[in-house]
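Data first, discussion second: the structure below is written as structure tokens.
We name chains A, B, ... by the order of the sequence lines, and we start the count at 1 in each one.
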Amino acid sequence: MVPLSWYVLLSAVLFTIGVVGVLTRRNVFIVLMSIELMLNAANINLVAFSHYLQDLTGQIFVIFVITVAAAEAAVALALIILLARNRGAVYVDEFNILKG
Amino acid sequence: MLKYALIPLLPFAGFLIAGIFGKYLKERAATVAIGGVFGAFVFSVSAFLDVLRGQVINENLYSWIAVGNFSVNVGFQVDQLTAVMLMVVTTLSTLIHIYSVGYMHGDKGFARFFAYLELFTFFMLVLVMANNFLVMFVGWEGVGLCSYLLIGFWYEKKSAADAGVKAFVVNRVGDFGFVLGMLLIFVTFGSLDFAEVFKAVTAGGITQRIDLLGMNMSVVTLICLLLFVGATGKSAQIPLYVWLPDAMEGPTPVSALIHAATMVTAGVFMVARCAPLFSLSHTAMTVVAVVGGITAFFAATIGLVQNDIKRVIAYSTISQLGYMFLGLGVGAFSAGIFHLTTHAFFKGLLFLASGSVIHALSGEQDMRKMGSLRGRIKITYAVFVIGSLALAGIFPFAGFFSKDEILWNVYNADTLGRLLWSVGIAGAFMTAFYSFRLIYLTFFGESRMDHEVEHHVHESPKIMTVPLIVLAFFSIFIGFIGMPLVEHGNKFAEFLAPVFPAASHAEEGAGHGLEIMLMVFSVLVAAAGIVYAYVMYVKDPDMPKKRAEKWPRMYDLLLNKYRIDEVYNAVFVNGLVHRLAKFLHTVGDVKIIDGFINWAAAAIGRTSERGKKLQTGFVQEYAFTMGLGLVVLMGLYYVLK
Amino acid sequence: MLNQIVFAYFAVVILFSAIMMITRKNPIHSVLFMLLLFFHIAGVFVLLNAEFLAAVQLIVYAGAILILYLFVVMLLQVDREVKSARANRFWPWLAVFGLMIAAEISLLVLRGSFPAGNDQTMRMAAGAGVRELGMDLYTKYLVPFEVASVILLVGLVGAVMLAKKTEN
Amino acid sequence: MSITLQAFIKQLLPIYPEFVVLVMALTVLLLDLFVDRQHKAILGWYSFTGIAIAAYMTVKLMGVRGAFFDGTILLDPFASFFKLVFFLSCGLGILVSMKYLDIEDIHRGEYYSLMLFATSGMMLMAAAGDLIVLYLGLELMALSIYVLAGFMRRDSRSNEAGIKYLLLGAFSSAIMLYGMSLLYGMAGTTNLNGILVFLRGADLTNPVIFLAMVMLIVSFGFKVAAAPFHMWVPDVYEGAPTSVTAFMSAGPKVAGFAVLLRVFVHALEPVQSHSSDILAGLAVLTMAVGNVLALSQSNIKRMLAYSSIAHAGYALVGLAAATAQKSVVVDGAASVMLYVLIYAVMNMGAFAVVIMLRKAGARGEEISDFAGLGKTNKAAAFLMLIFLFSLTGIPPMAGFVGKFYIFKSAVQAGMVWLAVVGVIFSAISAYFYLRVIMLMYMYDPKEEFRPLQSPALALALAVAATAVIVIGVRPAEVLEFARASVAGLL
Amino acid sequence: MLELIPNQLGYPLLSLLIFVPAAGAVVLLAVRNANAARWIALLFSLVELGLCIPLLTNFDGSLPHMQFGESIPWISAWNINYRVGVDGISVLFVALSALLTTISIMVSWTAIQDRVREFMVAMLFLEAAMIGVFMALDLFLFYIFWEAMLIPMYLLIGVWGGPNRLYAAVKFFLYTLVGSVLMLVAILAVYFQAGGTFDVLALMNHKFDHTFQLWAFAAFFAAFAVKVPMFPFHTWLPDAHVEAPTAGSIILAGILIKMGAYGFVRFSLPFFPNAALFFTPAIMALSVVAIIYGAYMAFAQSDFKKLIAYSSVSHMGFVTLGLFALNSQGLEGGLLQMINHGVSTGALFLAVGVIYERTHTRVIADYGGIAAKVPIYAAFLMIITLSSIGLPGTNGFIGEFTIILGAFQMKAVYAVIASLGIILGAGYMLWLYQRVAFGTVTNPHNEHLADMNLREIAAALPLVALVFVIGIYPNAAFQVMHASADNLIKLVHAKTQVLPSATQAISALAGN
């Protein structure tokens, strides 16, 4: 039997890896995918809980999360394309006209 | 009642008219002014007669300040003392007004001058008629103000303006004492009315004592000392006499009226007024006597060598005021007032006469540029001599009686009477010497005048000489009202007796014999002074130089008035005021307080600039900050739980 | 026991591919590792009797989103990536910082306790779960469902509006 | 189980306002196809009327109370109050936009529909009775605003603002999601009431609960721009189109506070002993950062961005007070609500004036562009004067009433120290607001220019100014309204 | 105990006093023409002044109570009412505010050429706020007016001020703001301590516990001490005065800085008497320091206005000294001195303004010898100078003497030092007068100086008149205060169980 805590631990570590990715990588795509990692970590939690709680809410939540992630990805990529077009920038640390 | 009210109010009315419409009145302002003071004079006479008839009045006009348990009225009191002062003030004021018409003729500030004189007369009358300390203080400061205005009358002259400010501020120092005295009187007696305070005093039972700077003294003593500080300011006694010589910057009639006859005697008057208080405090009396004696001597020494005709008289005034305090200090209040009266006349005369001389020499005041005037301006010469004789105290001139009564009382005074008496005698000698030195330098010897001055020399117009003559008359005969050795004491003392506590009368001290001996002695001393002056300045004119060379230091010191002014300037004016002020301003306000404020502001500004640097524009650093926040908050679990 | 081994396998691969994903120079490789990761997460879902979600995970995430990423990555020239630094200059610190977060979260999570749940398959048979899901989705969570559709619409509008070639 | 149309309509009753706004948003998209580029303003007025209708319905629905759709949607005075605030900011936002969009040459239908979408998202946040709805509403709002921020497609500053906001927003909502998942794992439900019930019986020392709470604070703090989660604000505010900045300085922030109140005053009420302290700490930090950094700004939008951070700090003071003591809940929550309302109005007003300075060619965003406005355009300068003094919190402007209430409840909750810190910082804030006034009245204009003017803009300014003055002088009614609306929380 | 006597007149006098100027400001917003603006502003200020006649004639000085009271519920949720009333302490300041505003408008007639309308709006708005401060009997209302004053004053200094006006304006604003926000917190604390009321009269009767009093008093002190300004919070005043336009200086010196002292009397003393007693030694010490220090500062100045500004610091030292003597002489003396200072210093700044308008220099050295050129002006300046150095017969003397009398009974040493201040006062003022008026004209610009014109004389006369009226018949003012002042002292002593220490001065002087 897999204890619940294993799932939680897995998601915690996954979440952290996501955070590290967000913080470290310059390439905006990888940053975005790291955020997806964090979302997936949350999803694992939700599903695990819903399983152990005998309650479907968690799974439904996950569906919505995935939907949102999709929409977000669309907008994000659109903006990235704009930036690449206007400024040829695909690196996060190139987005720094605005500061101070 | 109205009559008494009018005494001060008439001059005040004169002031308002001359002051506001002076521009249109021009010379006619004088008529208005003289009308004002003359009216005051008339009413004063009638008031005096009332008092002679024994009708003493003390009336309150209205409640002036009433706060909590403190209440003061504006009120007048005309008793013997006031009556005497009224006569002195109004008489001299009137005469000097008349004299000024001639003296100030053609001055562009003519109307203003008379307005000020009127205002002064008003305040002086308020001072002498007040029935409580606070109203007296009004007159007290008021005359100070007028003296300031009149000294600085020719304000284009810097020296004049300076002298005015100096006079006012030095007086303020004295008033500082006066005010504190009043406060202490109030908290001790619960009132500022003369009547109530003196009643309480004479009733006795004021026994509180105070520890002040280690000394333990009775409240009354402290009160008297504080009041006396005020007196030293007004009446130019050590250490606050310094303003009076400079006050000679004012027009001569001002010197006569304010700085000889009336205002400077206010201190004497005030001490006399407070006789019931002072006589309770032996300490205070001693202080008064000693200060008076020293001043009398000290001022005389300076007078010996001065060359400015007016300054000589000024120092003699200081010295004579010293005599008055000497008298008061030994409890001879009436004698003090007597000398005040006679002095008013002959010193007024001397100033006016010197004014006449200056007028004749078209403004020259330096005696070294005079001489051999006796033939040229006869009347002036004559009255000058009379005045000087009176000042020197030669029988039977006015000064003789008053001064000798003082000396006689001093001689009989219990404590250090003899010592002070000898000081007084020495002073008398010098007085005689310098007053005649002045006469010889001015009227005898060969002329030392500049040429154009020389052939402008002319006797003053009637309007100036007449008052001189009148004053001369008084200087000769006024003394007799206080003639001693007549049946039951002298009339003057008798008249004033009700307002003064029974002083230790000389009669009890020793017989008439001794008194006569002393009189003769002092006359001889004075005569000696005159002769010595004659020898020095007529017989052997270069003797002064020899003397000066013989004791150069001494001479120099006297000539520079012991350098007191310089010391005061260095210590107080520059040191304690201006330097300190600059220092406090640059350090206190600019450096410390504003320094701190601006530093704080700048500090916040710097923080802001630094903080801006953190906003680097890198998304990941923003994310990192968020993460950091997250970590810290999560860590808080261990703190908060 | 078996479950545990399977879980262990999934977990290991997931973490491995995650780490690879965030460390690859070439984003295309990252995308591929992401794909791997998604597959195994789907596996975990299956392990938790969430077959439907597993399917969604594969179809939407792997099938749609990742491919979208792939397109864009290729659309914008990525060969630059090979030449330039992959991580910003603080990356070691940030890695340590990441470990801190991991430590803290797991510490808190482990010290914490969850309502005792028992690991048993859901009462309804596999597949039936989907109907339950559907019922809930269209009744209880009707409003959120609609909102989700609106969100997708916004994403659509936004993406089109922003990315479409500028007229004039 | 088929349901008649009427029944269906009847069922929708509680979400009529949201429904209307969404319908308007969609129809705007359609209408956009038929309106040519010169007359896009029509769409603006169209959406404005939509907002008006929705507002009307919200007022109508005031009477109805309760939980609908299985408790996922709540209809209570609290939600209604915030919905009205959203309508206010959205309406003003639309009004200030029209002319501006023409100048920037980005006048498109999507703009308005996105604003409406965002508004509906906020409404859902305020009305959410369930974590899922809350999450979706938040994402709906956020997504629309990401797009709006990047709306000036040809201006890379705008794009940058968009992507920055998006990346950080996604990051924060991932954190929130993780927190929510833990909460769900604890409580076994995503329903806020359920969570409350669970926590009432739960062992509160359980670190997982704390972890969840912290993660929610972080993500909501991000939305309301609380330090240290504020750093996106200046950049995004500066880069985004000014009209959007105006809108998002009001709407999303207010929505964030709605959620904060709903969650921390209501759902997580049992753990307030922790949350209150944390919120107080954040409040201090936020006020400090906002006020101090605003001092050294040269760009008016940035300056206002920092000032909006500072104001979030003040509002957090009220929140901390509300969570500190049971006895203060009503006043604390009401103070926050009143404050965000007043803040929304005066801030939009200030931005409206900033927009007036936008002139073809120059951006008009430098503070120095205000030099001599008092001479060149008396009215604009005077309005700005009112708004700035209101932001400073000087009576008789509304801003004072707001701050007064906030600090009042802080003192009531025994947090005198917090109040003292607050007033000190608001005194400091006077400096940078005064700087603008100084420029307007005490310097001479650099060059003559005609500020932007349009009936819509005038209307917006008039509304804002009147509101600021009226609320400042006669706060009683609004105040009562806010206090009454708290009822929904308890 | 104090109560609010409802307004018996047929019309709401106090509200009129507050809202007439406000209305004037609103009307002016519609005016375009500068001259019209001047006349309208003058008109409204005169109406205001006229309203003061029924105020003073119908005021019953024999009662300590608040009169002409009006009380309307305002924000019931916070138990806040629009509650106004005047007693013997405040009524005179209302009248003074009206008078000085009128005078300020008159002196600004030609001095202000730029943005006349805005200037007049600011003036009238300021007047409304000032008068409101003196009338408010609800802490919230009071605070509203108190803060609202800052706006017009800030603009007056900043827009129509001198070269360094920006620094001065901001300094003034921030200094005051920091002080008053602390008071705001204290007000809130008081509100809750007293069980949720802002009603001043109710709070006067409430007894706060000792430690709370200390804190609250300190907070109120922060606000009032800055306004007064007491040493060492005074440095904003010189800057503000120097840069402000004449009208601004007159109002600032005449009314604004009185409000600090007024606050002490109206709130600090009755609310926190124990704290007041606790802090009295410190405050009196600060006061005498201010007296001496301010005088010294004045000596160091070369700028006409700065010198006067510092003299204000010194004079306000007297005021606080008197107020905290906590006996009737000190208190009433302090109140009277507030009015005196308003009159004298107001007139002094008027004098500066008159001459500045002609010469456009405030440097004392640029003057000298003008007495010969402008006799009327010289006379005016002399009178005011005398009043400011407290010459008997002028208002200044009455105030200073009663204050010193009060202080002497409280603790003699303070009175002694304060009297030293009087000497210094005479020194710097006369020195100033000498440097300005005496000597020979050194500056060629002053050769053809024009004397005061009728408008300026008209503006100056009322002040000159007041100088002498108060100096000769101060009871006119005192009688109005007695009842209220006595009541206040009774209140303080009743709350603190300390009996009035009327004549323990002997021991006080002995320092034990």
| said: Is it the case that the side chain of D/Asn159 and the backbone of A/Asn86 share a donor-acceptor pair, with hydrogens and angles ignored and the cut-off at 3.5 Å? | reply: no

| Interatomic distance, D/Tyr178 atom OH to A/Thr16 atom OG1 [nearest 0.5 angstrom] | 7.0 Å

| request: Rounded to the nearest 0.5 Å, what's the gap from CZ on D/Arg157 to CZ on A/Arg87? Could you check? | output: 10.0 Å

| request: Return the minimal non-hydrogen interatomic distance between D/Ala170 and A/Glu72, and the atom names on each side. | output: CB-OE1, 3.8 Å

| At a heavy-atom separation under 4.5 Å, does D/Met215 approach chain A through its side chain, its backbone, both, or neither? | side chain

| field | Region of D/Leu182 in contact with chain A, defined by heavy-atom distances below 4.5 Å | value | both

| When the ring planes of A/Phe49 and D/Tyr184 are compared, do they come out parallel, tilted or perpendicular, using 30° and 60° as the limits? | perpendicular

| request: Please flag which part of D/Ile175 lies under 4.5 Å from any non-hydrogen atom of chain A: side chain, backbone, both or neither. | output: both

| request: Work out which heavy atom in A/Asn45 is nearest to a heavy atom in D/Ser181; give both atom names and the distance. | output: ND2-OG, 3.2 Å

| Among A/Gly18, A/Ala48, A/Ser11, residue most engaged with chain D (heavy-atom pairs, under 4.5 Å) | A/Ser11

| field | Which atoms of A/Ser34 approach chain D - backbone, side chain, both or neither, heavy atom under 4.5 Å | value | neither

| Any donor-acceptor pair under 3.5 Å from D/Tyr146 side chain to A/Val75 backbone | no

| request: Could you tell me which portion of D/Leu136 (side chain, backbone, both or neither) has an atom closer than 4.5 angstrom to a non-hydrogen atom of chain A? | output: side chain

| Given a strict heavy-atom distance threshold of 4.5 Å, which part of D/Met180 is in contact with chain A: side chain, backbone, both, or neither? | side chain

| request: Pick one of side chain, backbone, both or neither for D/Tyr165, based on which atoms fall under 4.5 Å of a heavy atom in chain A. | output: neither

| Under 4.5 Å from any heavy atom of chain A - which part of D/Ala142 | neither

| said: Please identify, among D/Leu293, D/Ile132, D/Leu143, the residue contributing the most non-hydrogen atom pairs under 4.5 Å to chain A. | reply: D/Ile132

| Contacting moiety of D/Leu166, where chain A heavy atoms sit under 4.5 Å | side chain

| request: Compare every heavy atom of D/Ser156 with every heavy atom of A/Ile97, then report the nearest pair and how far apart it is. | output: CD1-OG, 3.8 Å

| message | For a quick test of reading the model, state the closest non-hydrogen atom pair linking A/Asn96 to D/Lys164 and the distance between them. | response | CA-NZ, 4.2 Å

| request: May I ask you to check whether over 12 heavy atoms, not counting those of A/Phe64, lie within 6.0 Å of atom CZ? | output: yes

| remark: Nearest heavy-atom contact between D/Gly188 and A/Leu53 is CA-CD1, 3.5 Å

| note | Applying a strict 4.5 Å limit to non-hydrogen atoms, the region of D/Glu160 in contact with chain A is both

| query | Given a strict heavy-atom distance threshold of 4.5 Å, which part of A/Phe15 is in contact with chain D: side chain, backbone, both, or neither? | reply | side chain

| note | Separation between CG (A/Leu23) and CZ (D/Phe171), nearest 0.5 Å, reads 5.5 Å

| message | Quick one, D/Leu177 with A/Val65, criterion side chain to side chain contact (heavy atoms under 4.5 Å, CB included). Give me CA distance, side-chain angles, the key distance, then yes/no. | response | CA-CA 9 Å; D/Leu177 200 59; A/Val65 173; 3.5 Å; yes

| field | Any A/Leu32 side-chain heavy atom under 4.5 Å of D/Leu167 side chain | value | yes

| request: Specify the closest pair of heavy atoms between D/Gly150 and A/Leu79, including all atoms of both residues, with the distance to one decimal. | output: CA-CD2, 4.3 Å

| query | Can A/Phe95 and D/Asp235 be said to form a side chain to side chain contact (heavy atoms under 4.5 Å, CB included), step by step? | reply | CA-CA 10 Å; A/Phe95 313 152; D/Asp235 294 5; over 6 Å; no

